Amino acid sequence: MAHTDQQTVRHVLRREMAGTIGLLTDEHDFRAMRRYRTFTFDDHTAYLREMEDFLRSRAAQGGHTTIALFDPQEYADFCADKDLDPDLPASRTRFTAELAATGTTLPYEGQPLDELVPALVDEAVRQATWEYAATLLARLGTCATCGEDIGRAAFARASRLLVRILDTAPPGNRHLVVSVSGTPETLISVLHADDDGNGSTRLDEAEALEFTTVLALGLGTHSPGGLVMRTSNPGLRDRVYGWRLRGDAFQPLSAGEVFDAYCNDIETGELISPESDVDYCEPPDLGEEDTAPGHRH
């Protein structure tokens, strides 16, 4: 009887323990891990199938699991830094625990892996974009003339611009894309701003932070770029409009420029048929902030 009670207690404890699993999402990373003797999987498809079965079983028992991207190169670097043998399961466990604290994770909520994996990869890209943009923004330093922190001033201006863009937008769901191409590599960030049905705008805080940081980087570095927004409302035509970044100016695009941007293939330059029920138009006036000067000393 005592033994049975002990098993019951252990079962309850296991059920209430949260866990993190490091997932090898693509074939290339899977092959990289096969060089370790203790990594016993030999087929990526079978590995994903077994992982999904395990996650479903754990969820059915009431367990909460988060999924993290397991990067073999980051794992090798982690083991070298911590003086760990990478060919030990305990080392993989320690690395996964580190991912749970500092890496990109998503909760497993019963969704199939072919839905969870793209969402996890997108989240990792978003996190990496924000970290990269924030690092470059912080490196801008202070203005030699007035001593103001250039990155902080650019972020404040980007925040004001985003508020004005959303305040002047038609009601409905908004899809915003900002791109900045003057940095060592082009950065793109997406923001979804949806009506909550009560007259307020619903934003994902992490998305908004990344989006504002990328926009601020374009403003602070005077890099070429642009911002385009599409608004959708049931029963109405979608509206698409945007602005360009030139120097420290934030300039409205004409309806023709928006049409050209949407109706030309980026890679080939060939024309694409315009979408039906979409208006390509000029943006609303943002007021004084539209022409607010940056550091022009």
Side-chain angles (χ1 to χ4, degrees), residues 129-130 132-170 174-191 193 207-231 239-272 274 278-297:
T129 298
W130 172 74
Y132 182 63
T135 298
L136 294 180
L137 203 60
R139 289 176 180 173
L140 296 181
T142 58
C143 175
T145 300
C146 70
E148 184 175 19
D149 186 297
I150 298 174
R152 186 174 301 169
F155 188 88
R157 184 183 174 206
S159 299
R160 292 193 299 269
L161 282 169
L162 179 57
V163 170
R164 289 294 298 147
I165 288 170
L166 295 177
D167 283 348
T168 58
R174 280 69 64 90
H175 179 86
L176 297 86
V177 180
V178 63
S179 63
V180 173
S181 58
T183 54
E185 58 183 87
T186 298
L187 296 182
I188 298 175
S189 180
V190 176
L191 176 64
E207 268 192 2
L209 178 60
E210 178 210 348
F211 189 92
T212 307
T213 303
V214 172
L215 176 57
L217 183 64
L219 295 170
T221 59
H222 296 184
S223 299
L227 190 159
V228 175
M229 179 164 68
R230 179 170 182 155
T231 64
R239 292 168 58 87
V240 179
Y241 54 80
W243 297 262
R244 70 166 59 86
L245 293 173
R246 289 294 181 270
D248 64 353
F250 195 68
Q251 303 170 339
L253 294 171
S254 69
E257 289 171 323
V258 176
F259 180 89
D260 289 342
Y262 258 75
C263 300
N264 280 276
D265 187 284
I266 297 176
E267 296 181 357
T268 66
E270 296 180 356
L271 289 175
I272 302 173
V278 174
D279 289 331
Y280 304 93
C281 48
E282 294 183 5
D285 183 13
L286 297 180
E288 294 182 2
E289 182 58 50
D290 194 24
T291 56
H295 278 86
R296 297 179 179 176
H297 321 304

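Keep in mind that this is a model prediction, so the values were computed, not measured. Position 1 is the first residue of the sequence; numbering continues from there.
In plain terms, the two heavy atoms of Ala154 and Ala216 that are nearest each other are CB-O, 3.4 Å. Residues Leu286 and Arg164 come closest through the heavy atom pair O-NE, 3.0 Å. Cys281 approaches Val258 most closely through the heavy-atom pair O-CG2, 3.9 Å. In plain terms, the two heavy atoms of Ile150 and Gly220 that are nearest each other are CG2-O, 4.0 Å. For the residue pair Val278 and Arg230, the shortest heavy atom distance occurs at CG2-NH2, 3.4 Å. Across all their heavy atoms, Asp149 and Gly151 have their closest contact at OD1-N, 3.1 Å.
Contacts of Leu209 classified as side-chain contact (heavy atoms from CB on, under 4.5 Å), with partners at least two apart in sequence or in another chain: Trp130, Phe155, Thr213. Applying the side chain to side chain donor-acceptor pair (under 3.5 Å) criterion to Ser254, with sequence neighbours excluded, gives Glu257. Legend: residues meeting salt bridge (Lys or Arg N to Asp or Glu O under 4.0 Å) with Arg174, ordered by chain and number and at least two apart, are Asp195.
At least one side-chain heavy atom of Pro284 sits less than 4.5 Å from a side-chain heavy atom of Tyr241. Within the 4.5 Å cutoff, no side-chain heavy atoms of Leu245 are placed close to those of Leu227. No side-chain heavy atom of Thr168 sits less than 4.5 Å from a side-chain heavy atom of Asp285. Using a 4.5 Å heavy-atom cutoff, the side chains of Leu187 and Leu217 are in contact. By the 4.5 Å heavy-atom criterion applied to side chains, Pro252 and Glu282 are not counted as neighbours. Considering only heavy atoms from C-beta on, Thr212 stays 4.5 Å or farther from Leu161 through its side chain.
Aromatic ring orientation, Phe259 versus Tyr280: perpendicular (interplanar angle above 60°, classes split at 30° and 60°).
Surrounding CZ of Arg244 are more than 12 heavy atoms belonging to other residues, nucleotides or ligands, all under 6.0 Å away.
Going from atom CG of Asp167 over to atom CG of Leu162 covers 9.5 Å, rounded to the nearest 0.5 Å.
Among Leu215, Leu176, Leu191, the single residue meeting the side-chain contact (heavy atoms from CB on, under 4.5 Å) criterion with Ile165 is Leu176.
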